[in-house]
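What follows is a short report on a single structure.
Chain naming here is simple, since letters A, B, ... match the order of the sequence lines and numbering starts at 1 in each.
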Amino acid sequence: MDFNFSEFEKKWQEHWLANKVFSSEADTSKPKFYCLDMFPYPSGAGLHVGHPEGYTATDIICRYKRAKGFNVLHPMGWDAFGLPAEQYAIQTGTHPAVTTQKNCDNFRRQIQSLGLSYDWDREINTTDPAYFKWTQWIFIRLYNTWFDKELQKGRPINELPIPENVSARGSQAVREYIESKRLAYYDNAQVWWCNTCKTVCANEEVLNDGSHEKCGTKEVERRFLKQWMLRIPHYAERLLNGLNQLDWPEGVKDMQRNWIGKSTGAEVDFNVEGIDEKLRVYTTRPDTLFGATYMVIAPEHALINSIVTADKKSEVDNYVRAAALKSDLDRTELSKEKTGVFTGRYAINPLNGQQIPIWIADYVLMGYGTGAIMAVPAHDTRDFEFAKTFDIPVVCILDPKDQADVELREKILKGEACWTDDGEYINSSNPELGLDINGKSKSEGIATVIKWLDERNLGQATVNYKIRDWLFSRQRYWGEPFPIIHWEDGEISVVEDENLPVELPKTDKYQPSESGESPLANATDWLQVTDKNGRKGRRETNTMPQWAGSCWYYLRYIDPKNDKEPFSKAKENYWMPVDLYIGGAEHAVLHLLYSRFWHKVLFDLGIVSTDEPYKKLYNQGMILAFAYETASGSKVPSDKVEEKDGKYFHIETGEELKQIVAKMSKSLKNVVNPDDVVDNYGADSLRLYEMFMGPLDATKPWTDTGVKGVFNFLKRVFYFFADKNNITDEAENTETLKALHQTIKKVGQDIEDMKFNTAISQMMIFTNHCYKVKKVSRETAETFAKVLAPYAPHLAEELWSIYGNDPAICQQPWPEVNESYLVENTFEYPVSFNGKMRFKLELPVDMPKEEVEKAATEHENAQKWLEGKQITKIIVVPKKIINVVVR
RNA sequence: GCCCGGAUGGUGGAAUUGGUAGACACGUUGGACUUAAAAUCCAAUGGCCAUUAUGGCUGUGCGGGUUCAAGUCCCGCUCCGGGUACCA
């Protein structure tokens, strides 16, 4: 009897696939469970061991939920648009669709070799015209929607009220007004352009060090280009509020909140001396207005020319020109050294009538708030740094009192240090104007000043968000074409629904043009269109970013073959929302935020039935690998390392190396290929090891010996339970029944809590128990196989059939826990003296407290600890501990 | 800088949320089987000290505190990981 895992794993995989064991249909008579994995980008490199981590976790949950009677939707597909296939096309001329198909086939083969219980009839591919037809369809819905601020709701564009002053200016004005309200719009945008990729990239793809995330080069610069943008900030408040109801990791919610970046404050108007313009600033701290000693406007501010005095003009011009040449990046990279220039003009502080100088500095950004600030160096660290650099007075108006130590407080009061926390106001009163916040706290102060400003029309409470319009176009070939036509008269129209999809043109030139137009501009036949009146038009040549397809794929899984609509309303109503969504934390912000945004628009339009798409979210941790480095910190590839007595040495130099944990990489030669693991140890071993390594959300290093450990466990299970000599028809003994039911309970509970590692350990404990008792009943063996099935489904099926049952164990119900086997009559109390455990004492659980005390203190082992001491107190916690306090 | 998360044996990690620290596994050591090795099975295994066994001390990044009792709670740090960064 051999543990021939390759043979039976293949056998059962074929059985599941051929019998469509895991296909599911909407069935309102059963409770549903929609369990989703973040679908992969099918890269040429194939599956990484990181992929099966989340997939195994969801698979275990799905198999468990099916056994618990749920109708489970568990699909898989491919996020297959993307740069690598296009780059490969540029180099080799192979059409990206060919490369993509090959990679998808390989991914599917690899995923199927792991025995994951996907419903393969629902497989989707974002590059399939039958799929992206509906991506385009949704884009058209976005284009034809405006956001009603009052109702906080997206509405069809034909319901947009046109203000009279707009309609009075004619049809062109009306058109512009409508364009300005659509959720999708086409406009000149200053965008990042990557000279290597020949494409624009989103802000978030440009890393802090100035390199492009996708290609790694630093060839990014600013350019103005006509681009598609989505007005995601209109949904900022909805996206923010929606988070509260979600069962997501707090960390992810925080990241989204930070990204949306809501701040409340006030806009305040300042009079400017000598000109008839007001300067409007945004501040979150209107309470510190008494401490404003200067103002700063961004170098791009519209009022610069009227504010700058003649004698300062050339100096200011130079500064503004220099700032324009700097990228945002340079402006932030030199963050510590603040630069700026005085405009020569003064504004008037509305609270005390004092003159305050207006400066221009690039630490103020035009894109946020009003592009102008009042600077309060005493209570804002950035303003403080600037004031110190340029010798501007610092006036403290908030006394930290005892929140700062004496020395620091002294400095703050003298304007030699900055204080941003709460305190008590000083120097903050103007009786003539009826404003006095002295002695108040920060929150009171803010409220009082806003009210005061509002009453005098000097300012009003305002909310600002960091989140910006979403740059939604790329100059690439391998993406969804926009269903858009630009007509020669300047009109933009969308392609009619019945003419979707707009497919990609055939071409053999994948190289983007220098001008920045995508390769689609080369496809002349495809490009030019004429309407029925002979008007000439040109198709949009940009394509959508990779985010597009992943924004709504979870909806298409519900009804993947529907060619009349993106999905049936009834099916959507049954399956949504996604009950559990597992994927990497790298998508914590963008994918999840974008996708929530689309979903909310679809919800507002009545296309989906839920406000949020993903009820519960969980991030699996990253799988790393051990790597080695020299004392100086240079990395050494794993094949150049040898181990001796737990220490590591360089094979060639003999130098002792330090073992570190790092990302798997080709250069470190520590990449683990799932195919190799499946070949050597089987799919069940791979699955089990990925789950046994540690908590699902932890970052953890891969070790080959660890795989051997779980492989060994599976072998022990097989050799014990497949051996008929160990299986009896006699009644089970109570100890085994107790161990078994503990295992059913623990494993079930741990799956619900997603604590897979401890569930496996419980199954190991049970197996060790079986080896000790030598024989178990057939019923015990079959029950254990059912418990094992979600984790090691192939082995469980094999055992199930060895016992003569018909397939399949994965369609058997989850065993019931019989609590009566678990009842404990006695408990082995740890007896402590002054908190230190000294001996153990088995006592009935229902023994009265007094008797327990007596039993403990009169026990012979206790005498040693009581000798010459006095008992002051005895703590008895039933079924926990006995603690005797002595003096 | 700010916001999260983390630190437990030689290693990966457990610990019912304040109640026996180190489950389970890897590794190591010893034993059984074998001509031998591998595989398998059994046993031991935090550190230190002691011993005739029973035993004692110590121990969850560091320093304080609360408590009968702290890996767990509170205060103050150190280091590591992730996110974000002149957002007024």
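Both cation-pi conditions hold for A/Arg596 and A/Trp248: the charged atom is under 6.0 angstrom from the six-membered ring centre and inside a 45 degree cone around its axis.
Under the Watson-Crick or G-U wobble criterion, with both distances below 3.5 Å, B/U60 has no partner in any strand shown. The partner of B/A25 is B/U11, by the rule that a Watson-Crick or G-U pair needs both atom distances under 3.5 Å. Checking B/A53 for Watson-Crick or G-U wobble geometry (two distances, each under 3.5 Å) identifies no partner in any strand.
The shortest side-chain heavy-atom distance between A/Phe692 and A/Tyr791 does not fall under the 4.5 Å cut-off.
As judged by a 4.0 angstrom heavy-atom cut-off over every strand, A/Lys700 is placed among residues touching the sugar-phosphate backbone only. Backbone-only contact: A/Arg838 has heavy atoms under 4.0 Å from sugar-phosphate atoms and none from a base. The residue A/Lys755 sits close only to the backbone: its heavy atoms come under 4.0 Å of sugar-phosphate atoms, none of a base. A/Trp865 comes within contact range of the sugar-phosphate backbone alone, with a heavy-atom separation under 4.0 Å but no base atom that close. Across all strands, A/Asn768 comes closer than 4.0 Å only to sugar-phosphate atoms, never to a base (heavy-atom distances). If you check every strand for non-hydrogen atoms under 4.0 Å, A/Tyr829 touches nothing. At a threshold of 4.0 angstrom between heavy atoms, the contacts of A/Thr703 with the nucleic acid are absent. Among the heavy atoms of the strands lying under 4.0 Å from A/Lys836 are primed sugar atoms or P, OP1, OP2 only; no base atom is included. Among the protein residues, A/Gly369 comes within range of no part of the nucleic acid, since none of its heavy atoms lies under 4.0 Å from any strand. Counting non-hydrogen atoms under 4.0 angstrom, A/Gly709 reaches the backbone sugars and phosphates but no base. Nucleic acid contact for A/Ser263: sugar-phosphate only, since backbone atoms but no base atoms lie under 4.0 Å from a heavy atom of the residue. Within 4.0 Å (heavy atoms only), A/Pro249 reaches no atom of the nucleic acid at all. Among the protein residues, A/Asn757 comes within range of the sugar-phosphate backbone only, with heavy atoms under 4.0 Å from sugar or phosphate atoms but none that close to a base. A/Lys745 comes within contact range of no nucleotide atom at all, as no heavy-atom separation falls under 4.0 Å.
Side chains of A/Asn670 and A/Ser638: a donor-acceptor N/O pair is absent below 3.5 angstrom, by distance only. Between A/Gln659 and A/Tyr628, the side chains place a donor N or O and an acceptor N or O closer than 3.5 Å (distance only, hydrogens not considered). A/Asp383 and A/Tyr363 are linked by a side-chain donor-acceptor pair at a separation below 3.5 angstrom, with hydrogens and angles left out of the test.
Scanning atom types as modelled, no donor and acceptor separated by under 3.5 angstrom connect the side chain of A/Lys708 and the base of B/C26.
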For nucleotides 38-41 of chain B, tabulate all protein N/O to nucleotide N/O atom pairs closer than 3.5 Å, reporting atom names and distance.
residue	atom	partner	partner atom	Å
B/U40	OP1	A/Asn712	OD1	3.0
B/U40	OP1	A/Lys715	NZ	3.2
B/C41	OP1	A/Arg716	NH1	2.7

Chi angles and distances behind the side chain to side chain donor-acceptor pair (under 3.5 Å) call for A/Tyr689, A/Asp704
CA-CA 10 Å; A/Tyr689 177 59; A/Asp704 284 325; over 6 Å; no

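Comment: A/Lys253 engages A/Glu250 in a salt bridge, judged by a side-chain N to carboxylate O separation of less than 4.0 angstrom.
A/Asp753 has its CG atom 12 Å from the P atom of B/U16, to the nearest Å.
The side chain of A/Lys864 places an N or O atom within less than 4.0 Å of a non-bridging phosphate oxygen (OP1 or OP2) of B/G56.
B/U45 and B/G6 have their C1' atoms separated by 28 Å, given to the nearest Å. Rounded to whole Å, the separation between the P atoms of B/U28 and B/A38 comes to 11 Å.
Under the side chain to side chain contact (heavy atoms under 4.5 Å, CB included) rule, A/Pro52 has a single partner from A/Arg687, A/Glu690, A/Met691, which is A/Glu690.
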Scan nucleotides 63-81 of chain B nucleotide by nucleotide, 5' to 3', and note B when protein non-hydrogen atoms come under 4.0 Å of the base, S if they reach only the sugar-phosphate, - if neither.
-----BS------------

